[in-house]
Q: 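Just passing along the structure, written as structure tokens.
These numbers were taken from a predicted model, which means no experiment stands behind them. Hydrogens, waters and symmetry mates play no part in the numbers below; they use all other heavy atoms, side chains included.
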Amino acid sequence: MKSYKDLDIYTLALALFYRTHRLSLQLPKYELYELGSQIRRSSDSVATNIVEGYGRKRYKMDFIKFLTYSHASNLETICHLEKLAVLYPNVSTEMITLQKEYDILGAKLFSFLRYVESNWNKFE
């Protein structure tokens, strides 16, 4: 692995961010700067914390800390998707689909986090 771009969790997180961002812009104007803004930030945080953690991989606890932040942001994004699916039925199908995909990403993040905890020295 030469780059964070080689990580499946990164490519999946980035693809989900783009889809979430585009979908959030379909919300009513008054929601664009409320839940819309929050979901854009949390979904972006999933990917960017993977990158920052990878950049700090020399230090095991930093790597783990940022992967934990990524996982937490993933959970936050799922929570926002749940709320938006209920509040805006016109986009609920897409929100539910994204929620399921973020659930899959969350499981992958958790598995990778456990892998790093046990195999950190393989990243040096």
Q: Could you measure the distance from the NE2 atom of His21 to the CG atom of Leu16? Nearest 0.5 Å is fine.
A: 14.0 Å
Q: Please give me the minimum heavy-atom distance between Ala85 and Ser92, naming the atom from each residue.
A: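 Closest pair (atom of Ala85, atom of Ser92, distance): O-CB, 3.2 Å.
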Q: Using a 4.5 Å cut-off on heavy atoms from C-beta on, say whether the side chain of Glu52 contacts that of Phe66.
A: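 SC-SC contact between Phe66 and Glu52 confirmed.
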Q: May I ask whether Tyr4 and Tyr69 are part of the same hydrophobic cluster, defined by side-chain heavy atoms of I, L, V, M, F, W, Y residues being less than 4.5 angstrom apart, directly or through others?
A: no
Q: From Gln38 CD over to Cys79 SG, what is the distance, rounded to the nearest 0.5 angstrom?
A: 9.5 Å
Q: Please give me the minimum heavy-atom distance between Glu117 and Lys60, naming the atom from each residue.
A: O-NZ, 2.9 Å
Q: Do the side chains of Tyr30 and Met95 join up, straight or via other hydrophobic residues, at under 4.5 Å, putting them in one cluster?
A: yes
Q: Calculate, to the nearest 0.5 Å, the distance between atoms CG and CG belonging to Leu14 and Leu12 respectively.
A: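 Here the interatomic distance stands at 9.5 Å.
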Q: Would you check, one step at a time, whether the test side chain to side chain contact (heavy atoms under 4.5 Å, CB included) holds for Thr68 with Leu113?
A: CA-CA 7 Å; Thr68 301; Leu113 179 57; 3.8 Å; yes
Q: Go through the steps for Phe63 and Lys57 under the test side chain to side chain contact (heavy atoms under 4.5 Å, CB included), then give the verdict.
A: CA-CA 5 Å; Phe63 198 5; Lys57 71 183 183 297; 3.6 Å; yes
Q: Give, for atom CG of Leu84 and atom CG of Leu23, the distance between the pair rounded to the nearest 0.5 Å.
A: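 If we round to the nearest 0.5 Å, Leu84:CG and Leu23:CG are 8.0 Å apart.
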Q: Of all the heavy-atom pairs spanning Val46 and Leu109, show the shortest one and how long it is.
A: CG1-CD1, 4.1 Å
Q: Going hydrophobic residue to hydrophobic residue with side-chain gaps under 4.5 angstrom, can you get from Val86 over to Leu98?
A: no
Q: With no hydrogens and no angle check, do the side chains of Glu31 and Tyr88 hold a donor and an acceptor under 3.5 Å apart?
A: yes
Q: Heavy atoms only: give me the nearest Gly36-Leu27 pair and the separation to one decimal.
A: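 Heavy atoms only, the tightest pair is CA-CD1, 3.8 Å.
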Q: Starting from Ile104, can I reach Phe17 by hopping between I/L/V/M/F/W/Y residues whose side chains sit under 4.5 Å apart?
A: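 No; Ile104 is not reachable from Phe17 via cluster members.
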Q: With rounding to the nearest 0.5 angstrom, report the CG to OH distance, Leu105 to Tyr102.
A: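 Reported to 0.5 Å precision, the distance equals 7.5 Å.
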Q: Among residues two or more places apart or on two chains, list those pairs meeting side chain to side chain donor-acceptor pair (under 3.5 Å) that have a residue in residues 39-49.
A: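 Every side chain to side chain donor-acceptor pair (under 3.5 Å) pair that includes a residue of residues 39-49, provided the two are not neighbours, is Ser24-Arg40, Ser37-Arg41, Ser42-Thr77, Ser45-Asn49, Ser45-Ser73.
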Q: For the CD1 atom of Ile64 and the CZ atom of Phe112, what is their distance to the nearest 0.5 Å?
A: 10.5 Å
Q: In this structure, are over 12 heavy atoms from other groups packed under 6.0 Å from Glu34 atom CD?
A: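 Not buried by this count: 12 neighbours or fewer within 6.0 Å.
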Q: For Asn90, check side chain to side chain donor-acceptor pair (under 3.5 Å) against everything at least two apart and list the hits.
A: none
Q: Can a donor-acceptor pair be found, under 3.5 Å and without considering hydrogens, that links the side chain of Ser111 to the backbone of Ala107?
A: yes
Q: Report the C-alpha separation of His80 and Glu76 in whole Å, then their side-chain angles, then the decisive distance to 0.1 Å, and conclude whether the side chain to side chain contact (heavy atoms under 4.5 Å, CB included) test is met.
A: CA-CA 6 Å; His80 294 319; Glu76 179 183 355; 3.2 Å; yes
Q: Test: salt bridge (charged side-chain N to carboxylate O under 4.0 Å, His left out). Region: residues 4-26. Which pairs qualify, not counting sequence neighbours?
A: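 Those involving residues 4-26 are Asp8-Lys108, Arg19-Glu101.
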Q: Between Leu87 and Leu35, does the side chain to side chain contact (heavy atoms under 4.5 Å, CB included) criterion hold? Intermediate values first, please.
A: CA-CA 11 Å; Leu87 292 171; Leu35 273 175; 3.8 Å; yes
Q: Using the rule that two of Ile, Leu, Val, Met, Phe, Trp, Tyr join whenever any of their side-chain heavy atoms come within less than 4.5 Å, decide whether Phe110 and Leu75 are in one cluster.
A: no
